[in-house]
Amino acid sequence: MIAEVIVDVAAYPIDRPFDYIVPEALTSIIEPGARVKVPFGPRKVIGYITKLKEESDLEASKLRPIHELVDLEPVLTNELLDLSKWLAVQTLSYEIDAMQVMLPAAMRAKYEKFILVNEPEEIDDIEFSLFLAGRNRVPMKEAESRGLLGVLKGLVKDGIVTVDTAVSQQTAMKKVRMIRMQDAVELERIKETLHQNATRQIELVNWMIENAGKTIPAKSITDELGIQGTVIKALIERGAATEEYEEVYREPEAPGLKDVAIPVHLTDEQEIALDSISTSIKNEKPETFLLHGVTGSGKTEVYLRSIQQVLKNGKEAIVLVPEISLTPQMTARFKARFGPLVAVMHSALSSGEKYDEWRKIRRGEVKVVVGARSAIFAPFENVGIIILDEEHEGTYKQEDTPRYHARDVAIKRAEYYNCPVILGSATPSLESYARATKGVYTLLTLMKRARNQALPEVTIVDMRNELKSGNRSMFSVALAEAIRKRIEAGEQSILFLNRRGFSSFVLCRDCGTTVECPNCDISLTYHRANERLKCHYCGHEERVPLICPECESEHIRFFGTGTQKVEEEIANLVPQARVIRMDVDTTRRKGSHERLLRQFSEGQADILLGTQMIAKGLDFPNITLVGVLAADTTLHLADFRAAEKTFQLMTQVSGRAGRHELPGEVFIQTYSPEHYAIELAKEHHYEPFYNLEMAARRQYGYPPFYFVTLIQFTHEDVLKVADFAGRAATFLQSNLSPETVIIGPTAAAISRVNNRYRYQCLLKYKKEPKLTETLQQLIRLYRTDWIKAGLTMSVDVDPVSIY
Ligand code: ADP
Ligand code: ZN
Ligand code: ZN
């Protein structure tokens, strides 16, 4: 038997499977999707079996045998194997990268497999019993060298033994301390010996009598009784209990926030949406829904009920949530509904925790996964629904190779499983909304908030007027006043600092003008290195002006400000305010994100001040004020999606206010009050924004009217990078259809990173049948020749941002 194996050799220029002989002993147990160790040149490397076949096209003498089988149970299902092939083509990446992106990082680390014996008396194979010799934990390698893998597989199937991977130290299996209580008689006897002043011990021993004979985690005991661990210790010393350690899955930090009440009745709009999804679930048709609902309209409730139906049918659900909205509050809602059937996957988990969650999914111990982007590859085998909340979020696109979009992967997987995909958002991406209006997706709309609360009153504050009247602070008079009022009333505020595009554009503080490219409808990007402004769409370049080209004011400067500075200003403004600051600095430590949110939800602060990470997913009843300090920063990003991103962000942040009984109020401070992205966010109206933005995209030839592909190059030498980028452009020009527009080569907005110069070409096309083939040829050229010259090249089909 021959196995086709994709080997894990970084940067090896040939991206195809290699044939290996399957040793006789492995023929009955080996399966596609399993990892193997194979000889490759002088080394042994890890590879993935993609196919088994009887014959190879190569001569027998050229073939080498597989060295070792790493997994008895394949880590990649057949569906995921096929998906990886598709993904590699779609994203123009190596197949090995497409496979590895589907697996938790711990599986790429060092590992060793062990056999764990659960029921030694059940083993009837004499040879295997002799081999174990009474041991209950044996390296799998030993079983392999004794030719016992066949027997082992049978034993695993019957649950008599299990095979587990021991990953490097920090990701090893976790153990918890368990307390085993004595029987009631013994406990009563010990109780008599306690001093009557030892009230904590008496309380504990009484509790133990009620739980006599049970084994309970020490932590649950201390939590439930509110006692210190030393009390348990004291009783253990008296013989009331014994302690032992038990292997467990790591539980990602428990939310500790109040559970959300389960609504009894759906609103009419929710009812209609759910009906439509239910029909699709019943019909077992792949169908993509766009659930467009204003903030607080009860989209999550619709997800939860759809999942309930899917689970009833014995199927599984994948729920994707952007990293920053994967808050304890969000996961608590899923856990409250589906309890231990939920696995949570997000980047704050340690690699060991992620690996534990992944194993629960692979073993079918959970039915629902809630996670960030990579959870789209959850190894379920009977998927019944896939949900992307906040589908417009840029983080659904992976920035490194393989540059996939979770939305595309979701739709692909749903085709395989004949199940619906739900894309939910208050501010859908232009692409998705356009597809919904064309009937490619089914549009479901929730116009009203679930509890009929009014959307918050939004006031746009023109910061140019503040400056004119002598206010140089970051806070307008109106916002400062609103904050003071909230503190007096004991209500909470959120202050949002829009930091994207920090210091990267030039703005006039008097008239709000930003310097734009004469050829494109886009702000010029400030290049710190040579003090110039550049357009990386068309290559236009100019000096940084000293006075505003519109009003000749001298108050023209780079724009940007930090959260720390804002915190200081609040202290001057309202000294009694208690502030929690949430940004990359204060949330770096594991668990700090949860801790800060918990403090805020418990009313330990009046103001939550933060960046992007507080824009979404928060649902606290006492928040009645939201202030946006600088709405402009995303607006002037050198990106065709700048207006879309700004509108989305303003709408999302505003949605944090007044979600419960108390009405909400929002202040958006801006230097561009007349820009449609800001003006329309005030009215919470998506459609007028969509129409205006679509007109702009059509006029300038951007998605969704055109597709774009971005090709970026880096090299230490600026002349070389320009040369290679030029060669690539020439190659593309002669191979692609004449209708395809090639912009560039131009220097990238960030023209040097880590001392490497960056260049890029942008392709724009409506139809380009030769795209994949041509790009594959270009990549082959790069891998075989250019890479040796020190160049790096990346291809991003359908990029989220282009700088
Ligand atoms: P979204 O996901 O659209 O922002 P949520 O599902 O979070 O909205 O709902 C907003 C709030 O309204 C939540 O507190 C939720 O518990 C509540 N809610 C949702 N549906 C209903 C309903 N049918 N009746 C009463 N309250 C509801
Ligand atoms: Zn000006
Ligand atoms: Zn330009």
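This one's a predicted model, so the numbers in the text were calculated from it and none came from an experiment. Basis for what follows: all heavy atoms, side chains included, without hydrogens, waters or symmetry-related copies. Residues take their numbers from the sequence shown, with the count starting at 1. Each ligand, and each atom within it, is numbered from 1 in the order the structure gives.
- Side-chain contact check for Tyr396 and Glu390: no donor-acceptor pair (N or O, by modelled atom type) lies under 3.5 Å.
- Checked by atom type, the side-chain pair Thr624/Glu665 shows no donor-acceptor distance below 3.5 Å.
- Contact annotation for Arg449 and ligand 1: no heavy atom of the residue comes within less than 4.0 Å of the ligand.
- No N or O atom of Thr295 sits closer than 3.5 Å to an N or O atom of ligand 1.
- Annotation for ligand 1: atoms under 4.0 Å from non-hydrogen atoms of Leu266 are 23 (N).
- Using a cut-off of 4.0 Å between Lys/Arg side-chain N and Asp/Glu carboxylate O, Glu488 and Lys485 are scored as not salt-bridged.
- Around CZ of Phe707, the count of heavy atoms belonging to other residues, nucleotides or ligands within 6.0 Å does not exceed 12.
- Checked against a 3.5 angstrom limit, the closest N/O atoms of Ala450 and ligand 1 fall outside it.
- Checked against a 3.5 angstrom limit, the closest N/O atoms of Gly296 and ligand 1 fall inside it.
- Here Arg407 does not pair with Glu393 in a salt bridge; the nearest charged N to carboxylate O distance is not below 4.0 Å.
- If you look at Pro263 next to ligand 1, the close heavy atoms, those under 4.0 Å, all belong to the side chain.
- Ranked by closest heavy atom to atom 15 (C) of ligand 1, the top entry among Arg333, Glu301, Gln652 is Arg333.
- Distances below 4.0 Å separate heavy atoms of His265 from the following atoms of ligand 1: 22 (C), 23 (N), 24 (N).
- Counting heavy-atom neighbours within 6.0 Å of Arg698 CZ, excluding the residue itself, gives a total of 12 or less.
- Between Tyr404 and Phe377, the ring planes are perpendicular. Angles over 60° get that label, and only those under 30° would be called parallel.
- With ligand atoms numbered from 1 in the order given, ligand 1 contributes 19 (C), 20 (N), 22 (C), 23 (N) to contacts under 4.0 Å with heavy atoms of Gln270.
- Counting heavy atoms closer than 4.0 Å to ligand 1, residue Lys299 contributes atoms from both its backbone and its side chain.
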